[in-house]
Amino acid sequence: MTTGNAPTIVEGKTWRFPQAHLNTDLMMPGYALRLGIDEQARAVFATIRPGWVDEVADGDVLVTGRNFGTGSSRPAAVLFQRLGIAAIVAESLNDIFFRNCVNHGLPAMECPGILDGVTEGDSLLIDFASGTVRNNRTSDRLTGRKLPGELLDIVRAGGLYTQLQARGLVE
Amino acid sequence: MLENALARPGQILACTDSHTIAAGALNCAARGLGVLEMLQICSTGQTWYRVSPAIRVELVGHRPDNVFGKDIFLHLANVLGSVEGHDIEFTGPAIAELPMAERASLTTMCAELSANFALFPADEVTRDHVRRADPGNDQWEPVVPDPGADYVRSVTVDLGQLRPSVARPDFVAHNAVTPQDLDEPVPIHQAFIGSCANGKLDDLAVAALIVRGRKVAQGVRFLVTPASQRVYLDAVRAGYVADLVEAGAVVTNSTCGACYGGHLGLLGPGENCIASSTRNFSGRMGSPEAKIYLASSATVAASALTGIITDPTRYLAGAR
């Protein structure tokens, strides 16, 4: 289920989604739920930013507004990973969405002020263990909410499934 | 969970649906988790929660006959807005007269304000519900706030001041008005009663009451989807399904169905739907060019009769 090892220091080019309360129906619409994962991934943000899925590349980083991922518990993190997104830094993260990011080994962090600190396309260096974000273009630094140890361990393991496998609890 | 009292006062319940929070109506600390976390719980018996600041909501006054759990929620949505990262705790003298179905409708909808947990206290109504759902099982102990507990915010809601309301499209925070206060009359193409929030027996009962002897407006699809097969059968036995069918409603099997655009009630471009379900996100029920309004089942049923979004009060007068 997870796509392998996820580092806890991530550097990547940013895509900026500033709208508050972007919901998971926009990320993983109902009609896509019965499709294969690649078709599901093509549906991500198709109504609010059509064509974005063709532009995003491996290692890119999402910078988002408040309460990102609100709504349904559908695991949109899986689709962002499929598209190559390596990390998410948000003004704030909806709790269920955040849980699913951790579960699937996608590092995600809250960092109030991040929207003002980033112009789309900037490269960020993010350390999820310390909660620090550095904008490589401006040299500005911000400190957000670091991942607690237990959650960091899950992310380092590549997600919950591989962590449980490593512990011999699942096949 | 609610119907069978699988959620118990004083317990912590893990489930993957985002509306797991509904079980807070039973004084149960319940919230949605990811599917992989269920595997983790099965494998290890453990999961994690972040302790969040709490908002106290005091319910006072006497609830009028035209005001339901959904209307209480819509008022709260106007007052609080989105409360991501917070818990909600309900308290107050009006709770004693609030049936479990209305409490559950309210806690279910707290997910739409991104609340983490939404807890009601346990009282006689709670005890009755659990006893009837699962007789003989008394293995639970309610939880109550500590004396002097800290709340980051406290609001009081006088139920006597509330009126039937409707959330306008796309989101619920700070977005509800009375039908009379909509900018202009809103004609509807579809009326939907269903979902975990408002597909219960009480919802079908009030809808049947309102439409009995009347007809759904020309051009309106009125879909009624019971929240469980037991609700469906109870509604059949009580005669509600016959009332609804005779009025021109389509009564479906129990399913999430139209609520998430699954089936039986997808919206086309340019359509307006009034629904008693949980979400009005753009595109959720089909076309992104459709508009979804949210309301109580009574308001939905009244609107189905008139073909425009309608206050249900005159259909409820003298009833209940």
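Since the model is a prediction, treat every value here as computed from it, not as a measurement. Each chain gets a letter, A, B and so on, in the order the sequences are listed, and its residues count up from 1. Only this structure's heavy atoms are used, side chains among them; waters, hydrogens and symmetry mates stay out.
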Heavy atoms only: give me the nearest [X]-[Y] pair and the separation to one decimal.
X        : Y        : value
B:Ser114 : A:Asn67  : OG-ND2, 2.9 Å
A:Arg34  : B:Gly262 : NH2-O, 3.4 Å
B:Ser18  : A:Ser72  : OG-CA, 3.7 Å
B:Gly34  : A:Asn103 : CA-ND2, 3.6 Å
A:Ser92  : B:Glu84  : OG-OE2, 3.8 Å

Residue pair [X] / [Y], side-chain heavy-atom distance below 4.5 Å:
X        : Y        : value
A:Arg167 : B:Ser43  : no
A:Leu164 : B:Thr44  : yes
A:Leu169 : B:Gln40  : no
B:Leu36  : A:His104 : yes
B:Phe281 : A:Leu26  : no

Open item on the list: For the backbone of B:Thr16 and the side chain of A:Ser73, can you confirm whether one donor and one acceptor N or O come within less than 3.5 Å of each other?
Closed with: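 Judged by distance alone, yes, a pair lies under 3.5 Å.
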Open item on the list: Quick one: does any side-chain atom of A:Arg99 pair with a main-chain N or O of B:Trp48 as donor and acceptor, under 3.5 Å?
Closed with: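 The answer is yes, because a donor-acceptor pair under 3.5 Å joins these two groups.
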Task: Region of B:Asp17 that comes under 4.5 Å of a non-hydrogen atom in chain A - done: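 Answer is backbone: N, CA, C or O of B:Asp17 sit under 4.5 Å from chain A.
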Task: Toward chain A, the part of B:Arg284 with a non-hydrogen atom under 4.5 Å - done: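 It is both, since atoms from each part get that close.
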Task: Cation over ring face, A:Arg74 and B:Tyr260, 6.0 Å, 45° - done: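 Geometry flag: not set, cation outside 6.0 Å or 45°.
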Task: Heavy-atom proximity to chain B below 4.5 Å, by part of A:Leu33 - done: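 Interface part for A:Leu33: side chain.
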Open item on the list: Tell me whether B:Arg279 is salt-bridged to A:Asp25, with the criterion being a basic N under 4.0 Å from an acidic carboxylate O.
Closed with: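 No salt bridge links B:Arg279 with A:Asp25.
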